[in-house]
2 protein chains.
Amino acid sequence: MVQTENQTVVPANDEAISLGRLNDFTGFWLRRSINVMATDFGEAMQGTGMRPTLVSIMAVIDANPGLNQGQLGRALSIQRANMVSLVGGLMDRGLVERRDVPGDKRAFALHLTPDGEAMLAECFRRVEAHEEKMLAEISSGEKARLIELLQRICAEG
Amino acid sequence: MVQTENQTVVPANDEAISLGRLNDFTGFWLRRSINVMATDFGEAMQGTGMRPTLVSIMAVIDANPGLNQGQLGRALSIQRANMVSLVGGLMDRGLVERRDVPGDKRAFALHLTPDGEAMLAECFRRVEAHEEKMLAEISSGEKARLIELLQRICAEG
DNA sequence: TATTGTTATACTCTATAACTATA
DNA sequence: TATAGTTATAGAGTATAACAATA
């Protein structure tokens, strides 16, 4: 072993497998949490065809009607190149529309369609139920502090 | 808008873009944190050819020498099918070895090689520096609570 | 019948480089 | 020259189905 562990290291003849040093790595638990969350998110969204990234895109368009894809991408840390097919898919489904910008022929002003508004409202309802389920053992005060800690990590990027 | 927001919604003529309801979604901040962490992790591991998943695999082999791929996959929530190329790559690099299991001709007993031990020790050093950097604004007590909260989320999966 | 390891495949998310048309 | 949108491509991570060998 790389380093003597204080933690119980169970012989590997069973399903009692130790995670070793991973126990103390925040990044490991972040990845694991996201994995668990993503699985339930997918189930919660069944039938909508919506994924986490698509919901976040529609949420930001809803909160900032008329913004363009570049602004949208920067707000969500999504590369412009990747925004194309993401927004394009939402347009093909009639959930988002691109309008011309009077002063700038390069950019499009993004808006949700009425169908998009309805879809986003439905997604929000499902995401709320999903979050309540995943955070069943976490109080609302703890959730607020959890988010605040995560935001501090994001601020390092 | 789907729902009246109390938060400031800035007109989209600038880079002051509101995240709207996303602000209150734990899953959104988890994904965002992981994204920021992954970028720095990659920089921290430069030259090693190691990625988060590979480090976690080697860490668990190190903590449970002789376990097989199925146990390893279950411990890390990695599908058996995906373990093949992951462990295979580490074998090709001489960091992991598969030994025959006396009582079971189906399974392999996984061990780190001396090179693997050295690589893992180096990875642990780099991961620790990486975590210290990313959690610079988070105290050790807060980090412990953060991990504990994340573990509670994982327990829902 | 169940399990180990495996192959093949596909989808999501992310990343980079290079192009066009406008500004 | 800088920016908005685009195309093409690649890599990492995850997921499922199906197979052979063994238990």
Side-chain angles (χ1 to χ4, degrees), chain A residues 12 14-15 27-28 30-43 45-46 49-57 66-89 91 96 98-110 157, chain B residues 12-15 27-28 30-43 45 49-57 66-74 76-91 96 98-110 157:
Chain A
D14 205 288
E15 287 299 324
F28 172 75
L30 279 173
R31 289 203 309 127
R32 187 165 264 230
S33 304
I34 269 299
N35 192 4
V36 170
M37 294 275 290
T39 299
D40 187 74
F41 188 97
E43 293 169 7
M45 291 298 155
Q46 224 159 30
M50 297 294 285
R51 296 164 280 137
T53 309
L54 296 178
V55 173
S56 70
I57 285 172
L67 89 172
N68 64 40
Q69 289 185 194
Q71 295 171 311
L72 178 56
R74 283 189 291 275
L76 288 170
S77 298
I78 297 175
Q79 310 292 323
R80 281 192 315 284
N82 295 327
M83 290 292 334
V84 179
S85 64
L86 292 168
V87 172
M91 283 220 1
V96 166
R98 294 194 243 237
R99 300 185 194 158
D100 289 342
V101 175
D104 191 335
K105 285 187 179 176
R106 298 171 304 177
F108 298 114
L110 299 174
Chain B
N13 54 357
D14 205 290
E15 287 300 324
F28 172 76
L30 279 172
R31 291 203 307 128
R32 188 165 263 231
S33 303
I34 268 299
N35 193 5
V36 170
M37 295 274 291
T39 299
D40 187 75
F41 189 95
E43 292 169 7
M45 292 297 156
M50 296 294 285
R51 296 165 281 138
T53 309
L54 296 178
V55 173
S56 70
I57 286 172
L67 88 172
N68 65 39
Q69 287 185 195
Q71 294 171 312
L72 178 55
R74 283 189 292 275
L76 287 170
S77 298
I78 298 173
Q79 310 291 322
R80 282 192 314 284
N82 295 326
M83 290 293 332
V84 179
S85 64
L86 292 168
V87 172
L90 293 172
M91 285 221 0
V96 165
R98 292 194 244 235
R99 299 185 195 159
D100 289 343
V101 175
D104 192 336
K105 286 187 179 176
R106 297 172 304 178
F108 298 113
L110 299 175

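These numbers come from a predicted model, not from an experiment. Chain letters run A, B, ... following the sequence lines, proteins first and then strands; every chain starts at 1. Basis for what follows: all heavy atoms, side chains included, without hydrogens, waters or symmetry-related copies.
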Interatomic distance, B:M83 atom CE to B:L110 atom CG [nearest 0.5 angstrom]: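 One gets 7.5 Å once the value is rounded to the nearest 0.5 Å.
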Atom pair CZ (B:R31) and CE (A:M37), whose distance is rounded to the nearest 0.5 Å: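 CE of A:M37 is found 10.0 Å from CZ of B:R31.
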Which nucleotide in [options] has an atom nearest any side-chain atom of [X]:
X      : options                : value
B:R51  : D:dA12, C:dC13, D:dT22 : D:dA12
B:A107 : D:dT6, C:dT6, C:dT4    : C:dT4
A:R31  : D:dT14, D:dT22, C:dT14 : D:dT14
A:I78  : C:dT14, C:dT3, C:dT6   : C:dT14

Touch class at under 4.0 angstrom, heavy-atom based, for A:A38 against every strand present: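 No contact.
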Sugar-phosphate, base or nothing in reach of B:R80, heavy atoms under 4.0 Å: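 Result for B:R80 = base.
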Can you confirm whether [X] sits close enough to [Y] that some side-chain heavy atom of one is under 4.5 Å from a side-chain heavy atom of the other?
X     : Y     : value
A:V87 : A:L72 : yes
B:F41 : B:V55 : yes
A:T53 : A:I78 : yes

Whichever of B:A81 and B:K105 has its nearest DNA chain D nucleotide further upstream toward 5':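 The answer here is B:A81.
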5′-ward residue of the pair A:T39/A:L110 relative to DNA chain D: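 On the 5' side of the pair lies A:L110.
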Would you mind reading off the distance between [X] atom [atom1] and [N] atom [atom2], rounded to a whole angstrom?
X      : N      : atom1 : atom2 : answer
B:N35  : C:dT12 : CG    : P     : 18 Å
A:Q71  : D:dG5  : CD    : C1'   : 13 Å
A:L86  : D:dT7  : CG    : P     : 13 Å
B:L67  : C:dG5  : CG    : C1'   : 14 Å
A:L30  : D:dG13 : CG    : P     : 15 Å
B:M37  : D:dA12 : CE    : C1'   : 17 Å
A:I57  : D:dG5  : CD1   : C1'   : 15 Å
A:D104 : C:dT20 : CG    : P     : 19 Å

It should be established whether [X] places a side-chain nitrogen or oxygen under 4.0 Å from OP1 or OP2 of nucleotide [N].
X     : N     : answer
A:Q69 : D:dT6 : yes
A:R74 : D:dA4 : yes
A:R98 : D:dA4 : no
A:N68 : D:dG5 : yes

Inter- and intrachain pairs under side-chain hydrogen bond (donor to acceptor under 3.5 Å, both in side chains), touching residues 73-82 of chain A, at least two apart: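 For residues 73-82 of chain A: A:R74-B:E15.
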Nearest-nucleotide comparison on DNA chain C, the residue closer to the 5′ end among A:G103 and A:Q79: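 Upstream on the strand: A:Q79.
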A:R106 or A:T53, whichever maps to the more 5' nucleotide of DNA chain C: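 In this pair, the answer is A:T53.
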Quiz item: A:N82 side-chain donor-acceptor pair to C:dA15 base, under 3.5 Å: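 Present.
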